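Fair warning: this is a prediction, and the values are worked out from it, not measured in the lab.
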Amino acid sequence: MTAVRKPGRPRDASVNDRVLDSALELLQDDGMAGLSIDAIASHAGVSKSTIYRRWDSKELLLVDAVARFVDTVKIPDTGHIRHDLVAAVRGMRDFVSDTRAGEVFPWLVGEIASGTEIGNRYAAAVIIPRRQILAGLLEKAIERGELRTNLDVGTAVDMLLGPVIVRRIAGLLDRLADDWPETLVDTLLSAAIEEPGLS
C-alpha cells in the first residue's frame with residue numbers, strides 16, 4: 001500500500017534555531033524597543049511569513065527564545081544537596097545577569113505578574129519546570145536524611161529563587177560577591193538541615 005504524501009514542503013528544522021538566535025542577538029544590540037519581526041527575518045535570512053507561521057508576535061517569539069536558552073542552563077543532581085543548590089543558584093544568577101536572554105527577564109517578570117498570555121507561557125515553559133526540578137532535589141535530600149522531614153519544600157524553593165529575581169529587578173546582582181550563591185544556600189540549609197533527635 002502506497003503512503004499518501006501530505007501537501008507542502010516539510011519545515012526546515014534549522015529555521016527555528018536561526019530565528020530564535022537572531023532574536024536574542026538583536027535584543028542585545030537594539031533592546032526590546034528596537035526589535036521587530038522585519039529585523040529578525042532579515043537577520044535570520046527568512047521571510048516574515050515564515051516567522052508568522054510559527055509565532056503570532058515578536059513577544060511570543062522572544063518567550064520561546066528565552067525558554068530555549070534556559071534549557072541549556074542545567075541544574076545538577078549529584079546527590080549532594082549543597083553542591084547542587086549552589087550550582088543551581090549560580091546558574092540562575094549568571095543567566096539573568098550575564099546573558100542575552102537575561103536582558104528581557106525584568107519585562108517577563110512583569111508579564112507574569114500581570115497574568116498575560118506571554119507571562120503565562122513563560123511561566124509554564126521556564127519558571128514552573130525549574131521550580132519542579134529544585135523541589136525534586138530537596139525532596140531527594142529529605143529522603144537521604146540530609147534535610148528535615150518537615151521542611152516546607154515549596155517555601156524553600158521560593159527562598160532560593162526569590163532573592164535572584166528581586167536583586168535582578170533592583171539591579172543589585174552585579175554588586176554581590178562572587179560567593180553569594182554559597183551564602184544564599186548556606187543560609188537556607190542552616191534552617192533546613194536535619195538535627196539529631198528532631199524530625
Side-chain angles (χ1 to χ4, degrees), residues 59-60 62-199:
E59 289 82 8
L60 291 175
L62 268 178
V63 169
D64 284 354
V66 174
R68 174 173 169 269
F69 190 94
V70 170
D71 284 341
T72 67
V73 182
K74 302 302 181 183
I75 297 177
D77 184 1
T78 65
H80 190 291
I81 191 61
R82 182 181 185 274
H83 173 275
D84 294 343
L85 293 182
V86 167
V89 172
R90 189 175 296 279
M92 289 184 288
R93 180 201 64 184
D94 293 346
F95 163 71
V96 299
S97 60
D98 297 333
T99 68
R100 291 174 295 175
E103 291 295 314
V104 77
F105 183 75
W107 166 69
L108 286 169
V109 170
E111 294 295 313
I112 294 170
S114 299
T116 65
E117 178 189 0
I118 293 166
N120 292 338
R121 185 163 171 172
Y122 181 75
V126 177
I127 302 296
I128 293 174
R130 294 275 141 175
R131 282 182 55 85
Q132 291 172 337
I133 293 172
L134 289 172
L137 291 178
L138 293 169
E139 288 165 357
K140 289 179 182 178
I142 291 171
E143 293 173 0
R144 293 193 301 266
E146 290 186 79
L147 303 179
R148 292 190 287 108
T149 56
N150 63 348
L151 177 68
D152 185 325
V153 171
T155 298
V157 171
D158 291 340
M159 291 173 67
L160 290 168
L161 294 175
V164 178
I165 294 171
V166 170
R167 288 174 186 263
R168 172 63 178 90
I169 294 173
L172 299 175
L173 277 179
D174 59 351
R175 304 180 192 179
L176 299 173
D178 186 61
D179 64 352
W180 179 74
E182 285 87 345
T183 300
L184 175 60
V185 170
D186 288 342
T187 300
L188 170 66
L189 293 181
S190 66
I193 292 176
E194 183 72 70
E195 297 182 19
L198 298 179
S199 62

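- Residues R130 and V70 share a closest heavy-atom pair of NH2-O, 3.1 Å.
- Side-chain contact between I81 and R144 is present, with at least one heavy-atom pair separated by less than 4.5 Å.
- Between T78 and H83 the shortest heavy-atom distance is OG1-ND1, 3.7 Å.
- A heavy-atom distance below 4.5 Å is found between the side chains of D158 and R131.
- Comment: E146 does not engage K140 in a salt bridge, judged by the lack of any side-chain N to carboxylate O separation of less than 4.0 angstrom.
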**OP:** Quick one: do R90 and L184 satisfy side-chain contact (heavy atoms from CB on, under 4.5 Å)? Show the steps, please.
**Re:** CA-CA 10 Å; R90 189 175 296 279; L184 175 60; over 6 Å; no
Quick one: side chains of residues 119-129, donor-acceptor pairs under 3.5 Å with protein atoms, not counting sequence neighbours, listed by atom name and distance.
residue	atom	partner	partner atom	Å
N120	ND2	G115	O	3.4
N120	ND2	T116	O	3.3
R121	NH2	D64	OD1	3.3
R121	NH2	D64	OD2	2.9

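- In this structure, OG1 in T155 is found 11.0 Å from CG in L160, a value given to the nearest 0.5 Å.
- Using a 4.5 Å cut-off on side-chain heavy atoms (C-beta onward), W107 and I118 make contact.
- Proximity of a side-chain donor or acceptor of S114 to a complementary backbone N or O of E111 within less than 3.5 Å is not detected.
- When all heavy atoms of R175 and G171 are compared, the pair lying nearest together is NE-O, 3.9 Å.
- Across D178 and P181, no two heavy atoms sit closer than the pair O-CD, 3.4 Å.
- Note that CG of L62 and CD of E103 are 12.0 Å apart. Values are rounded to the nearest 0.5 Å.
- Residues R168 and V109 form no side-chain contact, since every pair of their non-hydrogen atoms from C-beta on lies 4.5 Å or further apart.
- No donor-acceptor distance shorter than 3.5 angstrom exists from the side chain of R93 to the backbone of W180, with no hydrogens or angles considered.
- The backbone N or O of L176 sits nowhere less than 3.5 Å from a side-chain atom of R167 that would complete a donor-acceptor pair.
- For the pair G79 and D84, the tightest heavy-atom approach, listed with the atom from each and the gap, is N-OD2, 3.4 Å.
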**OP:** Please test L189 against L147 for side-chain contact (heavy atoms from CB on, under 4.5 Å), starting from the C-alpha separation and ending with a verdict.
**Re:** CA-CA 8 Å; L189 293 181; L147 303 179; 3.7 Å; yes
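- Expressed to the nearest 0.5 Å, how far CD1 of I75 lies from CG of L85 amounts to 9.0 Å.
- Between R82 and D186 there is a side-chain heavy-atom pair separated by less than 4.5 Å.
- The minimum heavy-atom distance linking G102 with P106 is given by the pair O-CD, 3.8 Å.
- From L137, atom CG reaches atom CD of Q132 across 12.0 Å, with rounding to the nearest 0.5 Å.
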